[in-house]
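These numbers come from the heavy atoms of this one structure, side chains and all, not from hydrogens, waters or symmetry mates. Just so we're clear, the structure is a prediction, and the values are computed from it rather than from any experiment. Residue numbers begin at 1 in each chain, while the letters A, B, ... track the order of the sequences.
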2 protein chains.
Amino acid sequence: MVDKKKQNWAGCPIRFGMSQFGDKWSFLIIRDLMFKGRKYYSEFLEAGEGISTNILASRLADLEHNGIVSKRQDAVKRSKNIYSLTEKGIALMPMMLAMIDWAERYDDQTEVPAEFARKLRQTPEALQKELLNLLENN
Amino acid sequence: MVDKKKQNWAGCPIRFGMSQFGDKWSFLIIRDLMFKGRKYYSEFLEAGEGISTNILASRLADLEHNGIVSKRQDAVKRSKNIYSLTEKGIALMPMMLAMIDWAERYDDQTEVPAEFARKLRQTPEALQKELLNLLENN
DNA sequence: GAATTAAACTTGCAAAAAACAAGTAATTAT
DNA sequence: ATAATTACTTGTTTTTTGCAAGTTTAATTC
C-alpha cells in the first residue's frame with residue numbers, strides 16, 4: 001500500500017511522488033500501461049512478475065484513487081475492464097524514461113534495445129512523441 | 001529491503017531500478033544526499049521523515065551494496081561516517097529531477113520553490129550542472 | 001583518567017503488509 | 001443450462017516494518 005494515513009505526504013516532491021506511485025508493483029503496472037500496451041487486469045497478472053491478485057487489485061485501486069490510472073468497462077466484453085493512464089499518469093513518462101536510461105547504463109543484463117537507448121540519448125523528444133502517439137492510438 | 005533473492009531482477013530497466021533503489025526510504029535517502037547536503041546517519045534520522053534506525057541502517061547498507069552510495073570515515077571525528085553518492089548514484093539525478101518536475105505540477109501543496117521549477121523547465125541542463133557542482137564541492 | 005555523552009548501529013518483539021491459496025460473482029461462450 | 005472467463009475478495013501464513021531498548025566505539029567533560 002502506498003501510504004495514505006499518518007503524516008501529510010505532500011510538500012516534498014520526492015515524498016509526494018512516493019506516496020502516489022512509489023512502490024515496486026505500482027512502477028511495474030505503470031510500465032505495463034506506458035510501454036507494453038497492457039490494459040487488462042489479466043494482462044498485468046500474466047506479465048510474469050509474480051504479483052498476487054490481491055496486491056494487484058489494491059495497487060490498481062490506489063493508482064486510480066490518485067488519479068494516475070482510470071478504469072472503464074470494455075465496450076465489447078463487458079466483463080473486462082480497461083485500465084489506462086490519465087494525463088497525470090502519462091506525465092510520468094519523462095521520469096520513467098530517465099529511469100530506463102539509467103538502468104540501461106548500469107544493468108549489464110539490460111534488455112533495453114540498443115536502438116531505443118540510442119534514440120533516448122540522441123533524440124529524446126522525438127522518442128517521447130513517438131511513445132505518446134502509441135499511447136493515444138490504443 | 002529491496003529484493004535480492006528470488007527472480008533475477010535484471011533485464012527490465014524498471015524492474016532493475018526498483019531492485020536497486022526502489023522503495024520509499026531509499027528515495028528519501030537519495031534525496032537527502034543529492035539535494036539536501038545531508039551525509040551523516042544522524043542527519044538522515046533527523047530529517048524528520050520518521051524512519052526507524054534499523055530500516056535506515058538496512059537501506060544504507062543496501063544502497064552501498066548496490067554501488068549507489070559509498071561510506072567513509074569522517075577524518076576529523078572518526079566515530080562518524082560520511083555517506084555520499086557514487087557516480088552511479090549521481091547518475092540518478094535526471095530521474096529525480098523528472099520526479100520533482102512532476103510533483104511540482106500535481107501536488108497543490110508543493111514546497112518546490114517557484115524559481116527551482118522555472119529553471120527546471122526552462123534551463124534544465126544549467127540547473128543540473130549547478131546541482132552537480134554543489135554535490136562535488138561538499 | 002574516569003565518567004558522561006555522542007554517534008552509529010543491533011536486537012527483540014509487536015504490528016502491519018505482502019504472499020499464497022482458495023473461493024465468489026458477474027459475464028460470456030458452448 | 002452448463003462450463004469457462006475475468007476480475008476480483010477472503011482467509012491464512014510468511015515477511016517486513018516500526019518501535020523501544022540495548023550495545024559498541026570514540027570523543028568530551030569533569
Residues which pass side chain to side chain contact (heavy atoms under 4.5 Å, CB included) with [X], listed by chain and number, not counting sequence neighbours:
{"X": "Glu43(A)", "result": "Arg38(A), Lys39(A), Tyr40(A)"}
{"X": "Lys119(B)", "result": "Glu115(B), Thr123(B), Leu127(B), Glu130(B)"}
{"X": "Ser70(A)", "result": "Ser84(A), Thr86(A)"}

* **Closest to side chain of Asn81(B), choosing from dG18(D), dA18(C), dA8(C)** =>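 Taking heavy atoms from C-beta onward, the closest nucleotide is dA8(C).
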* Of all pairs that satisfy salt bridge (Lys or Arg N to Asp or Glu O under 4.0 Å), the ones with a partner from residues 73-86 of chain B, not counting sequence neighbours ->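 For residues 73-86 of chain B: none.
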Return the polar atom pairs (N/O with N/O) between nucleotides 1-3 of chain C and the protein under 3.5 Å, or none.
none

* Looking at Trp25(A), does any N or O in its side chain come under 4.0 Å of the phosphate oxygens OP1/OP2 on dA17(C)? ->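 No, because none of the side-chain N or O atoms of Trp25(A) sits under 4.0 Å from OP1 or OP2 of dA17(C).
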* Asked: Can a side chain N or O of Tyr83(A) be found less than 4.0 Å away from OP1 or OP2 on dC8(D)?
  ->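 Result: yes.
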How many Å lie between [atom1] on [X] and [atom2] on [N], as a whole number?
{"X": "Glu43(A)", "N": "dC8(D)", "atom1": "CD", "atom2": "C1'", "answer": "16 Å"}
{"X": "Lys24(B)", "N": "dA18(C)", "atom1": "NZ", "atom2": "C1'", "answer": "15 Å"}
{"X": "Tyr41(B)", "N": "dT23(D)", "atom1": "OH", "atom2": "P", "answer": "16 Å"}

* To do: Using atom types as modelled and distance alone, determine if a side-chain donor or acceptor of Thr110(A) lies under 3.5 Å from a backbone N or O of Val112(A).
  =>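 Such a contact is found between Thr110(A) side chain and Val112(A) backbone.
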* To do: Among residues two or more places apart or on two chains, list those pairs meeting side-chain hydrogen bond (donor to acceptor under 3.5 Å, both in side chains) that have a residue in residues 91-100 of chain B.
  =>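 Matches after skipping sequence neighbours: none remain.
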* **Per-nucleotide protein contact string for nucleotides 21-30 of chain C (B base, S sugar-phosphate only, - none; heavy atom under 4.0 Å)** => -B----SS--
Identify each donor-acceptor pair in which a side-chain atom of residues 87-94 of chain A lies under 3.5 Å from a protein atom, sequence neighbours left out, and give them as a table.
| from | atom 1 | to | atom 2 | distance (Å) |
| --- | --- | --- | --- | --- |
| Glu87(A) | OE2 | Tyr106(B) | OH | 2.5 |
| Lys88(A) | NZ | Gln20(A) | OE1 | 2.8 |
| Lys88(A) | NZ | Asn66(A) | O | 2.7 |

* **5'-most by nearest nucleotide on DNA chain C - Ile55(A) or Glu46(B)** =>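 Upstream on the strand: Glu46(B).
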* To do: Taking ring-ring contact (aromatic ring centres under 6.0 Å, His included) as the test, write out the residues that go with Tyr83(B), two or more places apart.
  =>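 Counting only residues at least two positions away or on another chain, Tyr83(B) forms no ring-ring contact (aromatic ring centres under 6.0 Å, His included).
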